[in-house]
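This report concerns only the one structure given below.
Every chain is numbered from 1 and lettered A, B, ... according to where its sequence line falls, protein lines coming before strand lines. Predicted model only: the values in this text are computed from it and were never measured.
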There are 4 protein chains.
Amino acid sequence: MPDPTPDPRPASPPLRGTWYILPTPFDAAGRLDTGSLARLVRAAAAWGVDGFTAMGVMAEPGSLSPDEREAALRTIADTAAGVPFAVGCSGPTTAAVAAHARQAERMGAIAAMVAAPPLLRNLDVLPRFYRAVAAETGLPLIVQDEPAATGVVIPVSILLACVEESGARVVKLEDPPTPPKIGRLLAADPALAVFGGLGGAAALWELERGACGTMTGFAYPEILRAIRVAVEAGESADAGRLFDRYLPLLAYEAQPIVGLAIRKEVLRRRGALASAGTRGPGGPLDPAGLAALDAILDRLAIVPSLDPYIPTAAPTA
Amino acid sequence: MPDPTPDPRPASPPLRGTWYILPTPFDAAGRLDTGSLARLVRAAAAWGVDGFTAMGVMAEPGSLSPDEREAALRTIADTAAGVPFAVGCSGPTTAAVAAHARQAERMGAIAAMVAAPPLLRNLDVLPRFYRAVAAETGLPLIVQDEPAATGVVIPVSILLACVEESGARVVKLEDPPTPPKIGRLLAADPALAVFGGLGGAAALWELERGACGTMTGFAYPEILRAIRVAVEAGESADAGRLFDRYLPLLAYEAQPIVGLAIRKEVLRRRGALASAGTRGPGGPLDPAGLAALDAILDRLAIVPSLDPYIPTAAPTA
Amino acid sequence: MPDPTPDPRPASPPLRGTWYILPTPFDAAGRLDTGSLARLVRAAAAWGVDGFTAMGVMAEPGSLSPDEREAALRTIADTAAGVPFAVGCSGPTTAAVAAHARQAERMGAIAAMVAAPPLLRNLDVLPRFYRAVAAETGLPLIVQDEPAATGVVIPVSILLACVEESGARVVKLEDPPTPPKIGRLLAADPALAVFGGLGGAAALWELERGACGTMTGFAYPEILRAIRVAVEAGESADAGRLFDRYLPLLAYEAQPIVGLAIRKEVLRRRGALASAGTRGPGGPLDPAGLAALDAILDRLAIVPSLDPYIPTAAPTA
Amino acid sequence: MPDPTPDPRPASPPLRGTWYILPTPFDAAGRLDTGSLARLVRAAAAWGVDGFTAMGVMAEPGSLSPDEREAALRTIADTAAGVPFAVGCSGPTTAAVAAHARQAERMGAIAAMVAAPPLLRNLDVLPRFYRAVAAETGLPLIVQDEPAATGVVIPVSILLACVEESGARVVKLEDPPTPPKIGRLLAADPALAVFGGLGGAAALWELERGACGTMTGFAYPEILRAIRVAVEAGESADAGRLFDRYLPLLAYEAQPIVGLAIRKEVLRRRGALASAGTRGPGGPLDPAGLAALDAILDRLAIVPSLDPYIPTAAPTA
């Protein structure tokens with residue numbers, strides 16, 4: 001399948017660009033569905049993503065048994081076909097993170113993404129935590145700022161200390177509003193690579209602030225890629241038109257609690273997943289939630305398919 | 001000034017429709033600016049709002065001295081010219097809420113909006129709190145579900161108990177995702193009136209779930225009104241097109257922390273406010289934040305003005 | 001070793017009394033130390049505990065690899081010698097909890113203790129979560145109310161719904177102040193068994209409110225046992241004197257963040273653990289923290305030893 | 001009335017020692033009771049406190065009307081008779097804090113105590129907030145670290161930045177565990193004065209770490225004073241015995257939510273307050289809560305009275 005849009009930048013380090021956070025597919029009975037996962041990885045590679053992130057929050061890693069985690073990572077490693085991937089390795093202790101990072105390294109990951117220990121109160125120990133984690137793994141670290149999943153809001157001053165103590169050069173942000181936080185991080189350390197997130201619902205503003213890309217699970221990553229390529233090419237009017245056009249779907253999917261079910265339903269319709277089932281307490285999308293999704297896709301004139309969706313800058317309706 | 005769009009519903013109780021949460025204008029020196037407030041109230045009445053909410057979170061009521069609060073409410077009461085208004089009366093105790101409610105009643109408000117006491121841990125006392133508040137005031141209550149400002153997430157079962165204990169018939173939601181929460185509330189009590197909020201960034205989905213309207217501070221309430229009128233008229237395609245079209249501005253303004261500064265800057269450009277200053281620790285919009293706003297308004301082809309902005313259902317670009 | 005104090009109650013169901021939450025011992029290199037764990041289990045049985053709880057919060061279960069968890073549980077099962085034990089089975093999803101519960105059942109546990117999924121916002125789904133968990137396991141459930149570890153504060157009305165939906169008859173409380181919450185739970189459902197917790201620092205007041213016992217990790221469970229036996233015998237003056245006398249140690253150990261390190265240091269001094277090491281970010285006790293512990297033990301005239309510490313009701317200083 | 005225990009330190013700056021946080025007395029009808037407040041201030045001066053703090057969290061300042069606040073502060077100022085006092089001036093914005101500080105200065109306060117704006121998420125702005133506050137008032141600031149009341153946990157690194165930006169030399173801690181946090185603050189800035197709090201339930205360990213005193217609302221401040229005097233005189237055994245002896249009452253009063261009702265009931269029994277009523281949602285003490293208090297006072301052989309309670313280091317029972 002052809003690369004859907006040409007990238008104007010000659011070459012970039014691997015931890016840049018449009019990274020796709022993979023969900024974990026389950027079948028109708030709730031079992032891990034590696035067939036769907038392999039199909040999704042192959043499809044996303046064709047959609048032109050620059051990398052995969054496995055075992056992010058949206059992968060529901062806490063719901064996986066050790067065997068399931070191993071099988072899912074093995075599937076991704078075997079199917080990625082040269083696309084680099086990182087692995088979410090968060091855990092409550094250095095030991096737990098290090099064990100995940102060793103597994104990630106064994107699988108061929110290029111980085112370990114690590115959030116703060118859940119519900120950590122004493123943030124003064126966080127830089128030491130990242131230093132200890134770095135000492136335990138040979139993988140580069142991605143410092144993940146993820147307050148919704150961890151209950152921990154990290155000030156910029158402490159994020160910078162975590163980066164410095166651990167040697168990490170990449171930060172992934174989910175603390176809204178992300179655009180000014182990206183600005184503050186880059187003002188203090190311009191060489192840092194900072195990914196935006198938030199389901200892509202602020203992607204344009206993050207990229208305009210200097211984000212190195214978007215790392216999220218939005219079910220049409222080729223749209224985020226097209227926005228980024230336009231920003232990087234200096235075509236801000238095009239970038240804006242693309243972002244505006246797809247924002248209804250970006251915003252609908254980015255909702256808390258129900259967002260994962262929406263995302264998986266879209267991937268099911270694209271043909272990647274056999275089932276949209278999730279394991280968490282959010283549950284499946286209800287009929288009104290499905291109807292709203294139908295209406296959005298209809299208005300956007302998106303016909304879900306595994307073929308890359310080629311976004312156009314100008315509205316086509 | 002003419003009513004910008006006709007309302008297809010013959011008559012509705014006052015606590016329905018598009019309610020506008022008024023910010024508190026400050027001048028360049030940080031002083032209360034009642035002149036700007038009066039101008040804004042008159043303009044919003046011309047924009048076709050169904051009601052005003054004074055002293056909501058976005059009014060920064062905690063930053064006002066008692067004299068400033070009195071002066072701001074007096075300005076609103078004197079300028080509303082027949083448009084009904086409610087007053088945010090939240091506080092940590094029944095006594096504090098009751099004092100606010102007495103002031104609101106004296107000013108001519110038709111309802112008192114009350115959130116949970118900030119950082120309340122024992123939610124079992126919340127229905128009693130609302131009952132006690134109701135016993136202290138003759139005003140109808142609006143039960144405000146406002147986790148970001150209070151730190152209190154209220155389960156539907158307890159919201160319903162608050163409604164029942166206090167006799168309130170109106171709920172205002174800000175707990176994302178609001179659309180399914182509206183669905184659960186109305187499934188349990190179909191006669192309840194539930195306003196959506198969230199800066200209007202989920203207004204379409206809230207209204208499709210049966211919200212009685214949107215109560216928020218978005219700086220173009222006439223856009224929210226047009227969306228609601230379309231939904232109520234059964235013109236869902238039009239409603240969807242309007243929502244999609246203006247979502248970039250809705251989403252940009254709906255961001256936490258910086259949202260109020262964005263909103264006030266838009267109102268300044270419309271000519272309503274003399275200054276966009278806020279009193280909270282969020283601070284003013286930085287240059288990159290202003291540039292993103294410029295770009296959004298430019299792409300939407302909105303020329304800010306105190307004249308009603310007549311949204312068109314079909315994109316005009 | 002003889003039972004240190006006779007229990008005046010003829011017979012009681014197993015989920016009652018003084019239950020001891022086992023920490024997970026690590027050696028100086030941070031490895032799981034099953035030898036110390038076995039020694040601790042045997043010692044605590046001799047101290048007269050009515051049951052063990054494995055994999056509670058204080059066991060740092062999130063820091064254990066699957067093999068370590070299996071080995072620790074195996075050690076406890078092999079050493080408990082007839083003392084019943086429950087297993088903490090909490091996790092973010094039904095699937096994760098069910099997997100833990102199956103392991104617990106296989107090990108011979110008599111109950112699975114389950115807290116709310118971490119950082120759950122929508123408490124309305126919690127009763128369904130407990131019902132789904134109950135459907136997946138043959139073990140009786142202990143509903144664990146654990147806000148510090150989960151970030152979730154559960155109202156009494158929702159705790160009661162969880163109990164009803166799941167058929168659980170036992171609740172373990174950690175939400176301060178526990179004494180009035182016990183009172184509210186028992187007023188609504190007098191047949192419920194409610195354990196107090198909080199490191200025993202409110203044990204007297206919990207028991208006087210009708211708690212069925214104390215389930216916590218305080219390093220001298222025989223003291224909690226003596227207090228409970230006195231309360232149950234109607235000897236409230238004795239119970240009070242015992243509680244007052246040992247409260248300095250109870251309170252010191254009950255501190256958040258540093259409490260586990262204190263507890264393990266005491267167990268090290270008693271001869272049960274080879275090392276006081278923990279895996280979490282709290283870190284080891286600093287010199288001033290150790291000095292305060294020395295002083296408390298000195299004032300209480302406790303000479304740590306594996307022999308049961310027989311508390312006396314009257315101060316002996 | 002004689003000073004109950006001599007202070008071994010020759011002279012100390014005023015913001016040191018045992019500071020008493022005054023509750024706000026209400027009569028049986030819930031009205032401000034300035035007579036009781038005056039009686040309490042005179043009594044506490046006789047109990048030997050080194051200073052008063054007005055409008056702390058325990059004063060329920062959010063429940064007071066502006067007139068009530070003014071009247072309460074006036075009463076304290078008029079009755080303090082040379083004992084210095086500070087005023088809690090916290091609020092959501094610089095303007096609100098500054099208004100409180102101006103009032104405090106007018107009343108003759110020697111310092112303004114200021115906590116973080118409630119529910120502040122972006123801690124990076126906190127040092128600027130304190131600098132702005134300092135610029136608005138001539139009063140020395142006490143930086144109040146109060147996570148339970150504000151929802152904001154402040155890392156030591158950011159507390160130090162707040163101190164530096166604002167010129168404050170005094171910090172008041174309520175973030176448990178306070179003893180190691182005191183240690184970390186003083187290691188970084190040994191000249192800082194750090195008050196412990198937590199209702200006095202960790203007072204001994206705070207003072208041993210170098211706290212400059214205890215600032216709290218415990219209803220027998222003369223006991224906290226005696227503990228402090230013993231620590232400062234190097235009589236740590238005496239200090240320990242005093243602390244151990246009174247810990248049951250300290251711990252019982254220090255409970256969240258119900259603590260204020262306990263405290264006011266003790267003050268009522270001492271003869272200072274006409275009524276134990278509070279305005280917050282915690283409500284009055286229930287019968288079981290009162291019975292537990294009766295038992296504690298009985299075991300401690302405390303006969304409540306307005307006369308200073310002369311603590312003895314050795315148990316007298």
Problem - Part of D/S65 lying under 4.5 Å from any heavy atom of chain B - result: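 Neither; nothing under 4.5 Å.
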Practice task
Using the test side-chain hydrogen bond (donor to acceptor under 3.5 Å, both in side chains), find all partners of B/E70 that sit at least two apart in sequence or belong to another chain.
Solution key: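 Applying side-chain hydrogen bond (donor to acceptor under 3.5 Å, both in side chains) to B/E70 gives B/Q103, B/R106.
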Handout entry: residues 139-160 of chain B: residues contacting chain D (heavy atom under 4.5 Å, by number)
Key =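 B/A148, B/A149, B/T150, B/G151 fall under the 4.5 Å cut-off.
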Problem - Contact residues of residues 126-138 of chain B (partner chain D; heavy-atom separation under 4.5 angstrom) - result: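 None at all.
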Carboxylate-amine/guanidinium proximity below 4.0 Å for [X] and [Y]:
X	Y	value
B/E265	B/R268	yes
D/K181	D/E174	no
D/R263	D/E253	yes

Problem - Shortest non-hydrogen separation from B/R279 to B/G30 and the atoms involved - result: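 The answer is NH2-O, 2.8 Å.
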Problem - Test applied, side-chain contact (heavy atoms from CB on, under 4.5 Å); reference residue, D/F218; option that passes from D/L198, D/L250, D/I21 - result: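 It is D/L250; the other options fail the test.
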Exercise for the section: Indicate yes or no: at least one non-hydrogen side-chain atom of D/V97 is less than 4.5 angstrom from one of D/P117. Expected result: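 Not touching, per the 4.5 Å side-chain cut-off.
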Exercise for the section: Go through the steps for D/L185 and D/V163 under the test side-chain contact (heavy atoms from CB on, under 4.5 Å), then give the verdict. Expected result: CA-CA 11 Å; D/L185 280 166; D/V163 158; over 6 Å; no
Problem - Residues in salt bridge (Lys or Arg N to Asp or Glu O under 4.0 Å) contact with B/R69, at least two apart in sequence or another chain - result: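 Result, salt bridge (Lys or Arg N to Asp or Glu O under 4.0 Å) vs B/R69: none returned.
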